[in-house]
Protein chains: 2
Amino acid sequence: MAVTLKDVARLAGVSVKTVSNVVNGYAFVKPENRRRVEEALAATGYRPNLGARNLRRGRTGFLALMVPELNIPYFGELAGLVLKAAQKRGWSVLIEQTQGTRERERETLVSLGPHLVDGALVHPEALQAGDFHDAAGGIPLVMLGEHAVDVPIDRVAIDNVLAARTAVRHLAELGRRRIAAIGQNPARGTSEQRMAGYREALSEAGLSYVEELVAPAEKYHRAHGAAAMKALLDLPEPPDGVFCFNDLLAIGALRAVAERGLRVPHDVAIVGFDNNEESAFSLPALTTIAPDKAALAEAAIDLVCRRITGETDTPPQHVQTPFSLEVRESTRG
Amino acid sequence: MAVTLKDVARLAGVSVKTVSNVVNGYAFVKPENRRRVEEALAATGYRPNLGARNLRRGRTGFLALMVPELNIPYFGELAGLVLKAAQKRGWSVLIEQTQGTRERERETLVSLGPHLVDGALVHPEALQAGDFHDAAGGIPLVMLGEHAVDVPIDRVAIDNVLAARTAVRHLAELGRRRIAAIGQNPARGTSEQRMAGYREALSEAGLSYVEELVAPAEKYHRAHGAAAMKALLDLPEPPDGVFCFNDLLAIGALRAVAERGLRVPHDVAIVGFDNNEESAFSLPALTTIAPDKAALAEAAIDLVCRRITGETDTPPQHVQTPFSLEVRESTRG
DNA sequence: GTGAAAGCGCTAACAC
DNA sequence: GTGTTAGCGCTTTCAC
């Protein structure tokens, strides 16, 4: 059986209170007693029972991270950074996967709560505004990434409209005139914003918006990017530049182009979004929008922690984290 | 404040015991009472306080998963599957990242314990046998993947020697005669096993083991694969086939070959290991050893759960899960 | 079948 | 400064 406070107290010949004081770093303990307690602590190898401590404190000591799927590189990378940021501050993180379905997202939101975690970072894919009502039993929630729904909770994200515009402007500056977009999807929050940036950049460059150059994508996986690209290449007048709404779509597009015997960027230049680690090694390496994921993770953790402690109790805020355009072979050359 | 059992009991006009019985699905409750409790439950939106329940039960309700880094695709994918398998059985999973350093692995192992989690799946990279002594406060531990250290704890893994042999035999059957290996690293458990499989396949094919064709890799990332491949291509007699100890190394190797203006598989055929999702979309798509990751996750979760419940109390066992060779463009020509 | 009460390990009043 | 004690919310004997 595990060593309890009581065991240590008995061994040291003091009360549990004194042991508790030492364990919790309370300053005013008689040196003599402190020494004896510390000895007993070492001798028994005591480790506090977090469950009991938190039950008493009304805390759980855990944070939750809700993401669609960890096998999607963006989320794997983000989760890694969130874990790191949380660990630095002494929090443990529970990861919940939703597969990006509204139902699972809603369930997860409800299952989260004060009894399980003290706060949560959520990256919803399909949640509607109403789903947030009274969700998670009132614990602090921070939303990751931009979303179509407008709910009054904290958010941390990059400026998706500006990022998309930057990507498309880059293609335009390369002299591309028929610039396509892959990833339109009304169900996704970011799609709307990236579409807006796409259109802004087009008009900025004096290019007109062409319906047939906008390829929808049901999901943002590699295979969907390949399929969408194939369709674009089948057009009577195929595009000479493509902005993909994420790197996975772009990787798929790269393959579709290669399978047609065409060359990137010679025949068609491609830009992605997310800067997955794999994108620096694709052939050709992918030009992409690189969100500062570490900054995003830090900001989100920081915010949720401050909400939990009550350090911050301003109205919900929207934190913007930086991004950059990473120019690589797929638009160079 | 959250609704407690007592609140529900008061509202329903019964004792906490009865409510507890209903909540826990105890069969023998007077229908009348059951109805009233269920109404009160619904009216209050009661959710049990897991912390309290587990404190009482002497459980935490959590499992831990220790991995090097989630941004490495293999671990991202594996973690996703572990989470899924755990969720099916009603467990929450705490993920701990170690960056693959022995110190962090040791710390993590110690910090895990009965007060935090009820059991753990660990994928160590650098741990030594002695580090396991009395680790994790005696909770059930299941090791993921093969390792050099021989400690008496449960393990779930594929047969790495056989898998490596299969990969190299495939290259030999293609007629390749100078088959290189990338990834030798004495500090890594699996390296030894994959080297063994490599040698077995060579001698099986009547090829001799050539020292210079074995390229070490400090880490198993893409950049290291590229560097190792460059060195191999600089050899007076470069290889015509390469077995990389994981897909990331292989992806790096692909790039190194392309940068030299050579072609895969025409000039050199390449086989990887892990079957990361990205490997089906690289150019060319990568032939690779595909461990059944879902089976691995399921087996590991199953085992740790059975240890926790005491359902299984046999000596530590070694479970082997299946793998296959996924033949793609990088060896098909 | 159901209620009363003890107690899981810990912290925080409150006395001394 | 330190000990005693009352719970945090839950499960679980043990009576009834």
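All figures in this text were calculated on a predicted structure; none of them were measured in a lab. Naming: A, B, ... by sequence-line order, numbering from 1 per chain.
- Put simply, the side chain of B:Thr101 gets close to the backbone of B:Arg104: a donor and an acceptor are under 3.5 Å apart.
- Put simply, CZ on A:Arg57 is 18 Å from P on C:dG9, counting in whole angstrom units.
- The residues B:Arg307 and B:Asp313 are annotated as not salt-bridged, no charged nitrogen and carboxylate oxygen being separated by less than 4.0 angstrom.
- Listed for the A:Lys6 side chain is no donor-acceptor partner under 3.5 Å among the backbone atoms of A:Ser15.
- Looking at A:Glu32 and A:Arg35, a side-chain N of the basic residue comes within less than 4.0 Å of a carboxylate O on the acidic one, giving a salt bridge.
- Residues from residues 13-22 of chain B lying near DNA chain D, meaning a heavy-atom separation below 4.0 Å, are B:Lys17, B:Ser20 in numerical order.
- A straight line from OH of A:Tyr26 to P of D:dT2 spans 10 Å, rounded to a whole angstrom.
- No hydrogens or angles considered: a donor-acceptor pair under 3.5 Å links the side chains of A:Thr60 and A:Asp118.
- Residues A:Gln97 and A:Thr108 are not in side-chain contact: their nearest non-hydrogen atoms beyond the backbone lie 4.5 Å or more apart.
- The distance between atom NE2 of A:His115 and atom C1' of D:dT11, rounded to the nearest whole Å, is 18 Å.
- Put simply, CG on A:Asn24 is 15 Å from C1' on C:dA13, counting in whole angstrom units.
- The separation between B:Phe28 atom CZ and C:dG3 atom P is 17 Å, rounded to whole Å.
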task: Could you walk me through whether B:Tyr74 and B:Tyr220 pass ring pair (Phe, Tyr, Trp, His ring centres under 6.0 Å), step by step?
output: CA-CA 11 Å; B:Tyr74 178 76; B:Tyr220 283 11; over 10 Å; no
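- In the helix from C:dG1-D:dC16 to C:dC16-D:dG1, the terminal helix axes, each the rotation mapping four pairs' C1' atoms onto the next four within five end pairs, subtend 40°, rounded to 10°.
- Within the structure, every side-chain polar atom (N or O) of B:Asn33 is placed at least 4.0 Å from both OP1 and OP2 of C:dG1.
- Comment: B:Glu146 does not engage B:Arg155 in a salt bridge, judged by the lack of any side-chain N to carboxylate O separation of less than 4.0 angstrom.
- Straight-line distance from the CZ atom of A:Arg59 to the C1' atom of D:dG9: 18 Å, rounded to whole Å.
- For the pair B:Leu116 CG and C:dG9 C1', the computed distance is 15 Å after rounding to whole Å.
- Between A:Glu298 and A:Lys88, at least one side-chain nitrogen of the basic residue sits less than 4.0 Å from a carboxylate oxygen of the acidic one, meeting the salt-bridge criterion.
- Contact check for A:Asp154 versus A:Leu141: no side-chain heavy atoms found under the 4.5 Å cut-off.
- A 4.5 Å side-chain heavy-atom check between A:Ile308 and A:Leu63 finds at least one atom pair inside the cut-off.
- As a whole-Å value, the separation of A:Arg10 CZ from D:dG3 C1' is 16 Å.
- Taking a 4.0 Å limit (strictly below) on heavy-atom distances, residues 42-56 of chain B reaches DNA chain C at B:Leu55, B:Arg56.
- Nearest nucleotide to the side chain of A:Leu5, out of D:dT11, C:dT11, D:dT2: C:dT11.
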